[in-house]
2 protein chains.
Amino acid sequence: MRQIDLGEDPLKLDRQVCFALSIASRSVIALYRPLLEPMGLTHPQYLVMLALWESSPRSVRDLCQALRAEPATLSPMLKRLEAIGYLTRRRNRSDERELVVELTAAGRALRQDAEKIPYRVVEELGMEVAELQELHAVLSRVIAATAKPAVE
Amino acid sequence: MRQIDLGEDPLKLDRQVCFALSIASRSVIALYRPLLEPMGLTHPQYLVMLALWESSPRSVRDLCQALRAEPATLSPMLKRLEAIGYLTRRRNRSDERELVVELTAAGRALRQDAEKIPYRVVEELGMEVAELQELHAVLSRVIAATAKPAVE
DNA sequence: CACCATTATTTAGTGCACTAACTGTTAGTG
DNA sequence: CACTAACAGTTAGTGCACTAAATAATGGTG
């Protein structure tokens with residue numbers, strides 16, 4: 001067991017990485033909101049669309065893995081996306097347990113509008129792309145660390 | 001207008017900083033869950049407690065600023081924390097608009113239990129403290145960038 | 001082939017975040 | 001002092017995240 005030194009007052013709000021993570025996540029999502037609103041999408045729905053633009057007929061299970069989301073979260077989201085006409089939901093004939101999600105023409109067409117979004121977000125953030133890439137790398141390590149099954 | 005180069009396929013899910021931010025935030029909060037559960041706290045409630053341990057009788061408005069939260073979010077949260085006996089809510093006599101939130105003895109006592117939490121989280125993450133500090137610094141820059149009132 | 005564990009998805013219930021609208025209090029202005 | 005704008009919190013409604021339980025289909029195994 002190595003010794004961890006967190007300095008004095010490890011409960012100080014402003015030092016909490018978890019607090020900074022929450023705020024940063026909410027703040028960045030807030031940047032997307034006005035950009036996504038014209039498409040009728042929320043940020044989580046936008047992530048679903050990104051996953052579908054990469055591979056279109058795919059199962060809920062597959063989407064859950066790609067998005068690291070619970071099926072219980074995706075289930076109602078997919079219904080909303082179906083309701084606004086961006087995708088279809090149907091059972092897999094060869095395995096009726098599986099729900100196959102597929103983009104509609106409208107869903108595919110949306111990609112054109114979406115392509116400008118990353119540039120606009122980076123622009124509004126006003127940070128260097130290199131710094132964002134570094135942030136992404138650190139976040140990936142955090143995600144990998146939390147995904148670990150607590151190896152001794 | 002400087003040119004932004006996001007490489008090819010800027011819509012690739014795995015490259016999205018916003019996606020990594022969401023997952024990292026949720027994953028880290030998930031680390032706290034089993035540690036907070038014995039105290040009957042959720043992670044957002046834990047942040048409220050951190051804010052109150054720093055300064056105890058304080059207004060909702062003040063808490064909102066410290067936590068970067070909406071009053072509409074804090075209002076029901078504070079009622080829940082009052083219901084489980086960690087704080088009291090009362091109006092300020094000299095300004096009846098203001099709600100004064102104050103820790104109870106139980107709320108103050110909880111701090112002792114909470115003090116081990118940061119160490120356990122860092123331990124479970126298995127990352128260097130230095131790297132976490134660097135992450136905190138980058139996140140702070142992101143937060144500052146999003147807080148900017150879009151200066152020309 | 002019946003039984004049973006596994007798998008894929010859905011439903012229900014709690015809590016948080018966001019927006020907009022509402023209530024009540026205070027402070028300024030004519 | 002009456003009027004009104006600003007301020008502090010609350011309420012209502014939508015959507016997401018998490019847990020646990022339910023439903024339905026599939027794949028062994030005896």
Side-chain angles (χ1 to χ4, degrees), chain A residues 18-19 21-34 36-37 40-49 58-84 89-101 146, chain B residues 18-19 21-34 36-37 39-49 58-84 87 89-101 146:
Chain A
C18 62
F19 179 52
L21 264 175
S22 303
I23 306 299
S25 178
R26 288 200 285 126
S27 302
V28 171
I29 288 175
L31 289 184
Y32 281 83
R33 202 164 291 126
L36 294 175
E37 192 268 318
L41 293 177
T42 64
H43 188 262
Q45 289 169 359
Y46 169 69
L47 295 180
V48 172
M49 295 304 289
R58 65 195 299 184
S59 68
V60 170
R61 169 186 155 72
D62 189 22
L63 275 173
C64 285
Q65 289 181 338
L67 295 166
R68 290 171 173 268
E70 297 294 326
T73 300
L74 276 195
S75 187
M77 270 179 62
L78 293 170
K79 286 185 184 173
R80 283 180 210 112
L81 288 170
E82 182 184 43
I84 58 180
R89 297 160 64 251
R90 66 168 191 278
R91 292 284 163 179
N92 182 341
R93 282 291 166 77
S94 66
D95 184 346
E96 291 277 345
R97 291 173 300 184
E98 200 177 285
L99 193 78
V100 179
V101 177
T146 55
Chain B
C18 62
F19 179 52
L21 264 175
S22 303
I23 307 300
S25 178
R26 288 199 287 124
S27 302
V28 171
I29 288 175
L31 289 184
Y32 281 83
R33 203 165 290 125
L36 294 175
E37 192 268 318
M39 310 189 199
L41 292 178
T42 64
H43 188 263
Q45 289 168 0
Y46 169 68
L47 295 180
V48 171
M49 296 305 288
R58 62 196 299 186
S59 67
V60 170
R61 169 187 155 72
D62 190 23
L63 275 173
C64 284
Q65 289 181 338
L67 295 165
R68 289 170 174 270
E70 297 294 327
T73 300
L74 277 196
S75 187
M77 271 179 63
L78 293 171
K79 285 184 184 173
R80 284 181 209 110
L81 288 170
E82 182 183 42
I84 58 181
L87 53 82
R89 297 159 65 251
R90 65 169 191 279
R91 291 286 164 177
N92 182 342
R93 282 292 166 78
S94 67
D95 184 344
E96 291 276 345
R97 291 173 299 183
E98 201 178 284
L99 193 78
V100 179
V101 177
T146 55

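Every chain is numbered from 1 and lettered A, B, ... according to where its sequence line falls, protein lines coming before strand lines.
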Any residue meeting salt bridge (charged side-chain N to carboxylate O under 4.0 Å, His left out) with [X], in chain and number order, not counting sequence neighbours:
| X | value |
| --- | --- |
| A:Glu82 | A:Arg89 |
| B:Arg90 | B:Glu102 |
| B:Arg97 | B:Asp95 |

Pair A:Leu78, A:Leu63 - check side chain to side chain contact (heavy atoms under 4.5 Å, CB included), show working. CA-CA 10 Å; A:Leu78 293 170; A:Leu63 275 173; 4.2 Å; yes
Using whole Å, what does the distance between atom [atom2] of nucleotide [N] and atom [atom1] of [X] come to?
| X | N | atom1 | atom2 | value |
| --- | --- | --- | --- | --- |
| B:Asp62 | D:dC7 | CG | C1' | 15 Å |
| A:Leu63 | C:dA8 | CG | P | 13 Å |
| A:His43 | D:dG15 | NE2 | P | 17 Å |

Identify all side-chain donor-acceptor contacts of residues 22-33 of chain B below 3.5 Å with residues at least two apart in sequence or on another chain.
{"residue": "B:Ser22", "atom": "OG", "partner": "B:Cys18", "partner atom": "O", "Å": "2.9"}
{"residue": "B:Arg26", "atom": "NH2", "partner": "A:Arg68", "partner atom": "O", "Å": "2.9"}
{"residue": "B:Ser27", "atom": "OG", "partner": "B:Ile23", "partner atom": "O", "Å": "2.7"}

Could you tell me which nucleotide pairs with D:dG13 by Watson-Crick or G-U wobble geometry, both distances under 3.5 Å, or answer none if nothing does?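 D:dG13 is paired, partner C:dC18.
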From CG (B:Leu67) to CE (B:Met77), nearest 0.5 Å: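 Reported value, rounded in 0.5 Å steps: 7.5 Å.
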Please report the interatomic distance CZ(A:Arg61) to CD(A:Gln65), rounded to the nearest 0.5 Å.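 Reported to 0.5 Å precision, the distance equals 4.5 Å.
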Atom pairs, N/O to N/O, protein against nucleotides 11-14 of chain D, distance under 3.5 Å?
{"residue": "D:dT11", "atom": "OP2", "partner": "B:Lys79", "partner atom": "NZ", "Å": "2.4"}

Side-chain N,O (A:Arg26) to OP1/OP2 (C:dC18) below 4.0 Å: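 Yes, A:Arg26 has a side-chain N/O under 4.0 Å of OP1/OP2 on C:dC18.
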Of all heavy-atom pairs between B:Leu41 and B:Tyr46, which one has the smallest distance, and what is that distance?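 Nearest pair, atom of B:Leu41 first, then B:Tyr46: CD1-CA, 4.2 Å.
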Identify, residue by residue, the members of residues 89-100 of chain A with a heavy atom below 4.0 Å from DNA chain C, and return them in order of residue number, or none.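 Close to the strand are A:Arg89, A:Arg91, A:Arg97, A:Glu98, A:Leu99.
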